[in-house]
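Here is the structure we will look at.
Here is the naming used below: chain letters follow the sequence lines, and residue numbers restart at 1 for every chain.
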Protein chains: 2
Amino acid sequence: MKRENDNEVVDFVKINKIKKLMPSDDLLFEIAEVFKVLGDTTRMKIISALLESELCVGDIAEITNSTQSAISHQLRVLKQSKLVKFRKEGKIVYYSLDDDHVITLYEIAKKHIEEGYVHK
Amino acid sequence: MKRENDNEVVDFVKINKIKKLMPSDDLLFEIAEVFKVLGDTTRMKIISALLESELCVGDIAEITNSTQSAISHQLRVLKQSKLVKFRKEGKIVYYSLDDDHVITLYEIAKKHIEEGYVHK
DNA sequence: TCTACGTATGAATAATTGTTCATATGTTTA
DNA sequence: TAAACATATGAACAATTATTCATACGTAGA
């Protein structure tokens, strides 16, 4: 995260104006974190499965063609970012989407991909 | 990406129904790719700066406290995912957001973070 | 209480990736 | 044409991370 003083176009007035408008580094970091969590194929498969129904770990593993362990690890990540929640029923743990945000994010990204191949 | 046949709860009817409803692995992969691109602090800073104004590489480097090289590399990634576009004016290259999708994704993720700290 | 089952977790490995450094490309001006 | 500038790019290194394997934890039934 160094800074160069050569070879740059710098309009400090403009730059400082933008810096003030931008969210804090902490907030930007956390926003990036959410996207990072969504930015994995396995976790995206989990999300898209949970989009259809609440599911237990074993079912998710089967649907995503992964192992129980891998899924359990990833569900932990999703849980920490408050993207999924769970409820226990005896020894079975049912997972579901925690938020409407997840659904919207998923749909917009899907649109972005699908439209990207049509034009341009 | 192996598959376990022990220790799982499997309702094949339910599972197959969900599998059919889910997008193809290819599409899910590409959706995850978009999120992966957004899932980096530096790139998120770039996005949030471009949200305010079109900017040249040097200005972005200054605003994000990074080197020209690092920013140039990251702009390349953002360009490939069609999240930013550019126009040249002499030797200066101006970058801007390519899509409305980016803006919406950014705003929803921001909401998710901000609301996540209020309740629950 | 023993066994079977569903899930969670820690450590290790392999693969991915962001930054740095050096340098190349292309453009403007003297 | 030479020099200065803005940006791009390739290679190398360091750091992060997803999966695997083994095993632990908790619950239900015999």
Exercise. Donor-acceptor pair, B:S53 side chain versus B:A49 backbone, under 3.5 Å?
Worked result: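 Not at all, since once roles are kept as given, no pair shorter than 3.5 Å links the two residues.
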Can you check the [X] [atom1] to [N] [atom2] distance for me, whole Å?
X: A:E33; N: C:dG18; atom1: CD; atom2: P; result: 13 Å
X: A:R76; N: D:dT17; atom1: CZ; atom2: P; result: 12 Å
X: A:D40; N: C:dT16; atom1: CG; atom2: P; result: 12 Å
X: B:Q80; N: D:dT9; atom1: CD; atom2: P; result: 10 Å
X: B:K91; N: C:dT29; atom1: NZ; atom2: P; result: 7 Å
X: B:N65; N: C:dG18; atom1: CG; atom2: P; result: 19 Å
X: B:D59; N: D:dA6; atom1: CG; atom2: P; result: 10 Å
X: B:M44; N: C:dG18; atom1: CE; atom2: P; result: 12 Å

For this session: Determine, answering yes or no, if A:H73 is stacked on D:dT19 under the 5.5 Å centre rule and the 30° plane rule.
Result: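 A:H73 vs D:dT19: stacking no.
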Exercise. Could one point to a donor on the side chain of B:Q68 or the base of D:dA6 with an acceptor on the other under 3.5 Å away?
Worked result: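 By the distance-only test, no, there is no pair.
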Regarding [X] and [Y], does a basic nitrogen lie under 4.0 Å from an acidic carboxylate oxygen?
X: B:K79; Y: B:D98; answer: no
X: A:K17; Y: B:E52; answer: no
X: B:E33; Y: B:K36; answer: yes
X: A:D99; Y: A:K85; answer: no

Exercise. Among D:dT19, D:dT7, C:dT20, which is the nearest nucleotide to the side chain of B:T67?
Worked result: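 Closest nucleotide to the B:T67 side chain: C:dT20.
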For this session: Counting heavy atoms from C-beta on, name the nucleotide in C:dG6, D:dA8, D:dT20 closest to the side chain of A:S69.
Result: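 Of the candidates, D:dT20 comes closest.
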For this session: Check whether any side-chain N or O of B:R43 sits under 4.0 Å from OP1 or OP2 of C:dG18, and answer yes or no.
Result: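 Yes.
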For this session: Map B:F86 and A:V77 onto DNA chain D by nearest heavy atom, then report which one ends up closer to the 5' terminus.
Result: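 First, find each residue's nearest nucleotide; the 5'-ward one identifies B:F86.
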Exercise. Taking for each residue the nucleotide of DNA chain D bearing the nearest heavy atom, is the 5' side occupied by B:K79 or by A:Q74?
Worked result: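 By nearest-heavy-atom nucleotide position, the 5'-most residue is B:K79.
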For this session: Check every strand shown and say whether A:Y95 touches a base, only sugar-phosphate, or nothing at a heavy-atom separation below 4.0 Å.
Result: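 Sugar-phosphate, no base atom in range.
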